[in-house]
Amino acid sequence: QLEQAETDLIPLLTADTPLRDQARLYLAWIKYRERLWDETIRLTAQLSQSPDNEIVKEAIYLKTLVHLHKGQYETLIKECETLKNRIGLDQLDLKQVYLYLTGLAKLGYWKEAAHLSDHAMEQPAAHTRFYYKIVELAGLVDYHRKQYQQSLKHFTRARQYNNHPSYTYT
């Protein structure tokens, strides 16, 4: 199925059409699923200048996934900061916030992670599988900041969200 999808997308990559960026993004997802990291990065890098912020958000999300798989946390963080500077912290999707927090935590950037997790905790709870993971990471951040009561509250809250069907299956 992926081979057929790739074949169908190739003509759109060279056509002068509004669908070109979307086709490139879909092809990048195919390459990601095939674990072709360098090809995924190449395709998504071409989308960084797209006028469509949704395309840019998804392309950078995909790039950060690759950097996470490769253990390239500094690069992951730089990609997240680029996106944050372009669209603003409030416009980051929860999946991007989760990857951003993960990169910060992996490198022990607790102060920066605390700022990001505090901001995420101020947002309304969202019915997404990433929200409980963000709350869980907030607990980890608080633990490393020696705020043990707050850490326990976040871990307990994350557990409650994870057990709730709307968080588990969305």
Side-chain angles (χ1 to χ4, degrees), residues 21-22 25-26 28-35 37 40-41 43-45 47-48 50 52-170:
D21 285 350
Q22 204 166 21
L25 182 60
Y26 291 154
W29 272 109
I30 289 169
K31 298 301 180 184
Y32 173 81
R33 298 242 345 184
E34 294 173 342
R35 303 178 73 81
W37 307 134
T40 303
I41 293 294
L43 287 163
T44 54
L47 296 171
S48 297
S50 174
D52 183 342
N53 278 344
E54 292 305 313
I55 294 281
V56 173
K57 284 168 64 172
E58 192 69 16
I60 289 178
Y61 172 66
L62 185 51
K63 277 199 277 190
T64 55
L65 280 174
V66 170
H67 296 310
L68 181 68
H69 283 291
K70 294 174 86 175
Q72 298 171 333
Y73 305 117
E74 287 285 352
T75 307
L76 181 155
I77 291 168
K78 286 178 187 173
E79 292 287 352
C80 292
E81 288 173 353
T82 298
L83 182 61
K84 179 183 77 171
N85 292 336
R86 177 174 171 156
I87 66 172
L89 184 57
D90 291 337
Q91 297 302 310
L92 291 180
D93 294 336
L94 287 178
K95 61 187 180 183
Q96 194 67 51
V97 171
Y98 171 69
L99 289 177
Y100 197 177
L101 273 172
T102 301
L104 292 170
K106 287 283 190 179
L107 293 178
Y109 296 159
W110 302 116
K111 183 178 178 181
E112 295 86 348
H115 173 71
L116 184 59
S117 67
D118 288 348
H119 178 77
M121 295 296 97
E122 293 170 1
Q123 306 308 309
H127 295 280
T128 173
R129 61 187 171 153
F130 290 101
Y131 190 73
Y132 88 87
K133 291 180 178 186
I134 290 170
V135 176
E136 195 173 61
L137 276 172
L140 179 66
V141 169
D142 288 335
Y143 178 82
H144 281 277
R145 295 173 65 209
K146 300 187 183 337
Q147 297 177 352
Y148 302 119
Q149 290 295 330
Q150 188 66 19
S151 175
L152 182 58
K153 284 170 66 175
H154 280 125
F155 283 127
T156 302
R157 185 176 174 196
R159 183 171 170 232
Q160 290 170 342
Y161 284 146
N162 193 28
N163 288 336
H164 194 280
S166 67
Y167 288 92
T168 306
Y169 300 111
T170 44

Candidate pair Leu140 and Trp110, rule side chain to side chain contact (heavy atoms under 4.5 Å, CB included), full reasoning: CA-CA 9 Å; Leu140 179 66; Trp110 302 116; 4.2 Å; yes
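- Across Val56 and Ser50, no two heavy atoms sit closer than the pair CG2-O, 3.5 Å.
- Considering all non-hydrogen atoms of both residues, Ala113 and Leu101 come closest at O-CD2, 3.4 Å.
- Under 3.5 Å, the side chains of Tyr143 and His154 contain no donor-acceptor pair of N or O atoms.
- The heavy-atom pair separating Ile60 from Glu79 by the smallest distance is CG2-O, 3.6 Å.
- The backbone N or O of Gly139 lies less than 3.5 Å from a partner atom in the side chain of Ser151, making a donor-acceptor pair.
- When ring centroids are compared, Tyr26 and Trp29 stay outside the 6.0 Å threshold.
- Within the 4.5 Å cutoff, side-chain heavy atoms of Phe155 are placed close to those of Glu136.
- Looking only at atom types and distance, the side chain of Tyr109 has a donor-acceptor partner in the side chain of Glu74 under 3.5 Å away.
- Here the side chains of Asp52 and Asp21 are not in contact, with every heavy-atom distance at 4.5 Å or above.
- At least one side-chain heavy atom of Glu58 sits under 4.5 Å from a side-chain heavy atom of Lys95.
- One side chain, Lys63 or Ser48, offers a donor N or O that lies under 3.5 Å from an acceptor on the other.
- Shown here for Lys31 and Leu43, the closest heavy-atom pair between the two residues is CG-CD1, 3.8 Å.
- Using a 30° and 60° split on the angle between ring planes, His69 and Trp37 fall in the parallel class, below 30°.
- With a 4.5 Å cut-off on side-chain heavy atoms, Asn53 and Gln91 do not count as touching.
- Residues Lys57 and Glu54 are paired through a salt bridge, judged by an N-O separation under 4.0 Å between the basic side chain and the carboxylate.
- Annotation for Tyr61 and Gln96: closest pair CA-OE1, 3.0 Å, computed over non-hydrogen atoms.
- For the residue pair Ile134 and Val97, the shortest heavy atom distance occurs at CD1-CG1, 3.9 Å.
- Residue Lys70 places its NZ atom among more than 12 non-hydrogen atoms of other residues, nucleotides or ligands, all under 6.0 Å distant.
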